[in-house]
There are 2 protein chains.
Amino acid sequence: MPDTAIDPDFGFTSDELDPEKCPVRQVLAQVGGKWTVLILELLQHGPRRFNALGRAIPDISKRMLTQTLRDLERDGLVSREVFPTKPPSVQYALTPLGVDLMKAMGGLLDWAWTNFDKVKTARDVYDATP
Amino acid sequence: MPDTAIDPDFGFTSDELDPEKCPVRQVLAQVGGKWTVLILELLQHGPRRFNALGRAIPDISKRMLTQTLRDLERDGLVSREVFPTKPPSVQYALTPLGVDLMKAMGGLLDWAWTNFDKVKTARDVYDATP
DNA sequence: CGGAATCCCACGGGATACTG
DNA sequence: CAGTATCCCGTGGGATTCCG
């Protein structure tokens, strides 16, 4: 009895995958950005200034650093505080919501560090057999 | 003593953010795909056939369904089994590695469901004050 | 120092048609 | 049924220049 009981289809009411209604897709669209998680990780070490973040990420442009920070600020994940010093300084920090997000991401980040070599191996195997 | 002790810079040796060396960035690049997590979530309910997945995700094209499944298979997250029936049927399933990834993603997915309304609110507030 | 404005391109992904 | 093959376009993101 090989091929029985497959494909009873799902019971999904297509409410959890609705393009703009699904929180997961919305959050992933943000988090999936090229620099988003990197910046959030850096800010976990404490508040940092614009150019400090820039120096910590050598291959990011000011354009993308600004834009990513703006998006994070807009989503309430990062706060922005301006100090009116001689040359103005701006400090960014995680909000409580941002801290919470990073805690929630812990599992995924750990998985990435401990399992990515398996993924790499799988890729090599797959690529070696066409 | 307002503005002291900011910006002592990071001690990062730029090893955790190296474009291609950082597992996090690699994994996120994959997971950040438009359909990746959606498909993985569906496969958590058990093995499914190609068109069953397609029907469960109304707004995906066969092109992207194929491509996403291929990428997941290549990374060792999803297995592909062909049954040589009259019209051939192909079954996809999570591998142990894929199951493990989804467990690791649990925290993030939960966060998305329970906190996205806060993000939406933050966006509305931000957008309403230019 | 911390941006905003502009230009530009690669590529992720949609639509459509054909196939074993 | 389960794909492959083309064509095509929007936009994420890089490089550069200018500003308070």
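All of these numbers come straight from a predicted model, not from anything done at the bench. Numbered from 1 within each chain, the chains take letters A, B, ... in sequence-line order.
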Give the cluster check for A/Leu77 versus B/Trp113: same hydrophobic cluster or not, with ILVMFWY residues linked at side-chain heavy-atom distances below 4.5 Å.
->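 As far as the 4.5 Å side-chain criterion goes, B/Trp113 and A/Leu77 are connected within one cluster.
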What's the [atom1]-[atom2] distance between [X] and [N], to the nearest Å?
X	N	atom1	atom2	result
A/Ile39	C/dG2	CD1	C1'	14 Å
B/Lys86	D/dC1	NZ	C1'	13 Å
B/Asp71	C/dC11	CG	P	15 Å
B/Leu53	D/dA2	CG	C1'	12 Å
B/Gln67	D/dA2	CD	C1'	16 Å
B/Leu38	C/dG13	CG	P	13 Å
A/Ile57	D/dG13	CD1	P	13 Å
B/Phe50	D/dT4	CZ	C1'	10 Å

So, is A/Tyr92 near the phosphate of C/dC1, with a side-chain N or O under 4.0 Å from OP1 or OP2?
-> no
Looking only at side-chain N and O atoms, does A/Arg63 come under 4.0 Å of OP1 or OP2 in D/dG12?
->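 Result: no.
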Could you work out which one of [options] sits closest to the side chain of [X]?
X	options	value
B/Val90	D/dG14, C/dG14, D/dA2	D/dA2
B/Arg70	D/dA2, D/dT4, C/dG2	D/dT4
B/Trp35	D/dG13, C/dG14, D/dA2	C/dG14
A/Asn51	C/dC1, D/dA2, D/dG13	C/dC1

From the options B/Asp124, B/Val125, B/Asp127, select the one residue that forms a side chain to side chain contact (heavy atoms under 4.5 Å, CB included) with A/Arg74.
-> B/Asp127
Candidate list A/Val78, A/Leu72, A/Leu38, test side chain to side chain contact (heavy atoms under 4.5 Å, CB included), partner A/Leu43, passing option |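 Between A/Leu43 and the candidates, side chain to side chain contact (heavy atoms under 4.5 Å, CB included) is satisfied uniquely by A/Val78.
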Counting distance only, does the side-chain N/O of A/Ser79 pair as donor-acceptor with the main-chain N or O of A/Thr95 below 3.5 Å?
->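 Between the backbone of A/Thr95 and the side chain of A/Ser79 there is no qualifying donor-acceptor contact (under 3.5 Å).
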Take A/Arg80 and B/Lys62, find for each the nucleotide of DNA chain C with the closest heavy atom, and name the residue whose nucleotide sits nearer the 5' end.
-> A/Arg80
5' precedence on DNA chain C between A/Thr66 and A/Pro87 (nearest-nucleotide basis) =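 Its nearest nucleotide being more 5', the pick is A/Pro87.
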side-chain contact (heavy atoms from CB on, under 4.5 Å) between A/Glu41 and A/Leu109, intermediate numbers included = CA-CA 10 Å; A/Glu41 284 186 294; A/Leu109 301 186; 3.7 Å; yes
Would you mind telling me which residue lines up with the more 5' stretch of DNA chain D, A/Pro88 or A/Ile60, judged by nearest nucleotide?
-> A/Ile60
